[in-house]
Every structure is written in C-alpha cells, then in structure tokens.
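Have a look at the structure below, then the notes.
Each ligand, and each atom within it, is numbered from 1 in the order the structure gives.
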Amino acid sequence: MASYEDMLMNNGAVLESDYLACSGMDEPHEAYFGAVAPPIIQTSLFAQKDYQQYCDDMLQETRRYIYSRGLNPTVRMAEEKLARLEGGEEARCFASGMGAIGAVMIGYLNRGDHILLVNQVYGPAVELVKSLAQKYDVEYDIIPDGDLLNIACKIKPNTRMIYTESPGSMTMRVVDLRAIAELAARHNIITAIDNTWPTPLFQKPLSLGFDIVIHSCTKYLAGHSDILAGVVITRSSLMGPIRDFSHQLLGAVLAPFSAWLLLRGLRTLPVRMQAHQHNAIKVIDWLRRRDDVENIRHPYLASTAEKEIIQRQMSGFSGLFSFELKNADFEKVKGFIDACRVFKIGPSWGGYESLIISPNRGYNQAALDESGVSRGLIRLSVGQEPAEVLINDLEAAFQASGAASR
Ligand SMILES: *Cc1c(COP(=O)(O)O)cnc(C)c1O
C-alpha cells in the first residue's frame, strides 16, 4: 500500500492491473470484429440450437445463455470486470445500488438472524434493515463507530452478518477493515461492505478479509450520472444465495444497455478518480483556512489514528465530503446553496458534475438536532471542473449568502 504522503502527492495510487482492466486489455475483442467498444447484446432471450441443448442448459439456467434474467453477455462482461477490480471470484449486477444491498440482506439473512450495522451506514440500507426487523423478525444493532470492543460486545449467537461502510456515510469515519474481518471470522459471521466511496481502485476489502463487497455503480463506477446500477462481489462458494435467489428469483437485474454504459464509465475510472481526489483536496485546503467553516469531514483530514488505518487499507480518496457553515440556520443554508452556480443542487454523487446538498430541509430541524447533525451541514460532491472554478463558486456563495464571516 502507498504511504499517506504518496497517496496525496500522486492523487491516489492506481494499480497497473486496474488501469489495464479498465482500459479493456483482457476483453475478447476478436470475438466481435476487433471492435474496441463491446456490442450491446440487447435481448431478453437466446434461441437454442436444439431442444436437447435447451433441456441440458436449463439445469444451469444462471450459467448458460438462455434468458437475460439469468445471464446476458454484456452484463456478464461488466460483472467480470468488477469482480477483477475487487479481486473477487464472481459478481452479479443489479438494477440499482439498493437492489444490490437488498440482494445481500435478503439473500443471507434468515428469520431471526442478527445483523450488526457498523459505522455510519447509508440511510436507506438502515431503513431496509428496520423493515426486515418488522417483517421477518431480523434483529439488528447499530454501532455508530468501528470500535472493536463495541462490536465484540454486540455479537450474539444468532449474529449472521456484520455490514459496514468505510469511510462512513456523512461522518466519513474510517474503520479498521482487517480487524473487523478477523473478529467476524472468529465467530463465523459474514462480513459485507458498501465500498462505493473509495471504489475498487482505492480500497479492496476482499483482500483485507471481507467476504462481500457491494457498490452503487450509479456513483463513480458509471460516473456520468446517466444510469442506476449496483453490484455484489464475493467468492464462488458464497455466491449461491445471490446468484440463485436474489438475482434469479427476485429478478431486479441490470439491463444490457445500462451494463454497457457502466463498462464505458469504467474506461475512464482511473483518471476520473484522480481528478476527483485532486479537486477535492484543493477545495478542502481552501475551506479549512476559512473561519466561517468548521468540521470538514473527509479522510484527508483524518486523525492520526485513522491515518494509520487509511495507510493500511486505502490507496486514494474520492471527492465526496461535508463541512459545516458556522452558526447556520435553514435560511443561511438555503442562501448558500442557491448562490452556487457551478455546484448543482441534487442528491447522489460521483458524476462528472459537482453537486451540493444539505440534510437540513427546514421542516426537519427537530430530527436533525436529535440525531446530532449540525443545522449548517453541507455536502459536496466535487466533480471534474477545474478546482479554481469550484473555489470561486463557493467564494461567491459565501459572499452572496452572508455566510462569510467578515
Ligand atoms: C447511492 C448509494 C447507494 C444506493 O445506490 P442506488 O444506486 O442509488 O440505489 C448505496 N450506498 C451508498 C453509499 C450510496 O451513496
């Protein structure tokens, strides 16, 4: 792994093999006339050579080209590429990131199982677990940080899965993935991680002992804010419930055209990620010198203890982070966001365009206060525009909104 300083100097260290996988070195170009862009196999079904062939193939419906819910060549190509990038044996793509998260939770959790949600986990994933608790008696505990003792204390005989995100949603806190994987392995617990923020270029949880990796490919992997997609990656011996149940029977699979756009997005993933890191650090360095801003949350500004973990498990940073406007109420947040011209207002992240949003929606002050979220919290997804343009946009927003301290 790269040293922390190298990681910063080089805008993230990307493995040569990852560059080659993204650029298509291992694709079977000769199978489609040498075309460097793969074809889109836009079909729902595959006509069979003869009836015996069909009968035989039906024994392996998810491994033969029979019907695109089971297997489609364009989708398979994206799956193979994502599996390679994560260092996993198999991948299955879904119609969205939540589709992938749902596939994992419903695929592996049985009635009465216990799941631990470690570190700040994506909100809808927590909502899903709460629904499973109501409908199927799934038990859960939420551990808001990665403290190993806290995790160990919450492990029960029926604990089936530890589910985490690092860096965590909103807090951007980093947790020690290898230590969590080792603890889980001692108790025979499945470990799953949403690796959307760092992408496989900058963090490979399977190599740290995690069992399952999930991505919302909607974000950086596709990278152009034009599709929804998700993926689950794991070893073949653990893929059964995903392949045969969640993918084949729940059926929210990825469409061939979306898979093709995902493949196209992956072509430029290394250069995009390095641009996101470069721009984000420029913007953060500018923000941290302002005295009208506090609590910038990005692993770049991690504590010394966190930096040690980062150095062991990450090789670069992405461009999603948050900060707080000092002494802000809803009006100030609204004024600041509306004054931005380059940063567009919207949820999601990981595209070429810079985005701004706040959890403060005016009518939810009490809920924010209760959950300890600052009223002035702003989240930025730093895109591909020149860093100076982004900084000028924010400077103008500080001035126009009166958020700037004079
Ligand atoms: C967006 C997101 C998801 C959900 O992905 P969709 O493609 O929107 O369903 C899951 N996890 C994280 C961290 C996300 O940001």
Looking only at N/O atoms, are [X] and ligand 1 under 3.5 Å apart anywhere?
{"X": "Ser216", "value": "yes"}
{"X": "Ile101", "value": "no"}
{"X": "Glu165", "value": "no"}
{"X": "Trp349", "value": "yes"}

Where is the nearest protein heavy atom to [atom]: which residue, which atom, and how far?
{"atom": "atom 7 (O) of ligand 1", "answer": "Thr218 OG1, 2.6 Å"}
{"atom": "atom 4 (C) of ligand 1", "answer": "Tyr122 CE2, 3.4 Å"}
{"atom": "atom 6 (P) of ligand 1", "answer": "Gly97 N, 3.3 Å"}
{"atom": "atom 14 (C) of ligand 1", "answer": "Lys219 NZ, 2.8 Å"}

Would you call [X]-[Y] a salt bridge at under 4.0 Å N-O?
{"X": "Arg235", "Y": "Glu90", "value": "no"}
{"X": "Arg64", "Y": "Asp56", "value": "no"}
{"X": "Asp26", "Y": "Arg84", "value": "yes"}

Counting from 1, what ligand 1 atoms have a heavy atom of Asp194 closer than 4.0 Å?
->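 Listed by number with element, the hits are 10 (C), 11 (N), 12 (C), 13 (C).
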What atoms of ligand 1 come closer than 4.0 angstrom to any heavy atom of Met98?
->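 Close to Met98: 4 (C), 5 (O), 6 (P), 9 (O).
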Is ligand 1 under 4.0 Å from a heavy atom in the side chain of Ile214, in the backbone, in both, or in neither?
->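 The answer is neither.
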Could you name each residue pair satisfying salt bridge (charged side-chain N to carboxylate O under 4.0 Å, His left out) that touches residues 317-328, not counting sequence neighbours?
->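 Listed once each, the pairs are Arg297-Glu324.
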Hey, could you give me each pair passing salt bridge (charged side-chain N to carboxylate O under 4.0 Å, His left out) that has a residue in residues 94-115? Not counting sequence neighbours.
->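 Sorted result for residues 94-115: Arg111-Asp137, Asp113-Arg160.
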Is the NZ or CZ atom of Lys219 positioned over Tyr122's six-membered ring, under 6.0 angstrom from the centre and within 45° of the axis?
->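 Yes, a cation-pi geometry holds between Lys219 and Tyr122.
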Does the side chain of Tyr136 reach to within under 4.5 Å of the side chain of Leu109, using non-hydrogen atoms?
->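 They are not in contact (no side-chain heavy atoms under 4.5 Å apart), so the answer is no.
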Lys204 pairs by side-chain hydrogen bond (donor to acceptor under 3.5 Å, both in side chains) with which of Asn195, Thr199, Asp18?
->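 Among Asn195, Thr199, Asp18, the one that satisfies the side-chain hydrogen bond (donor to acceptor under 3.5 Å, both in side chains) with Lys204 is Asp18.
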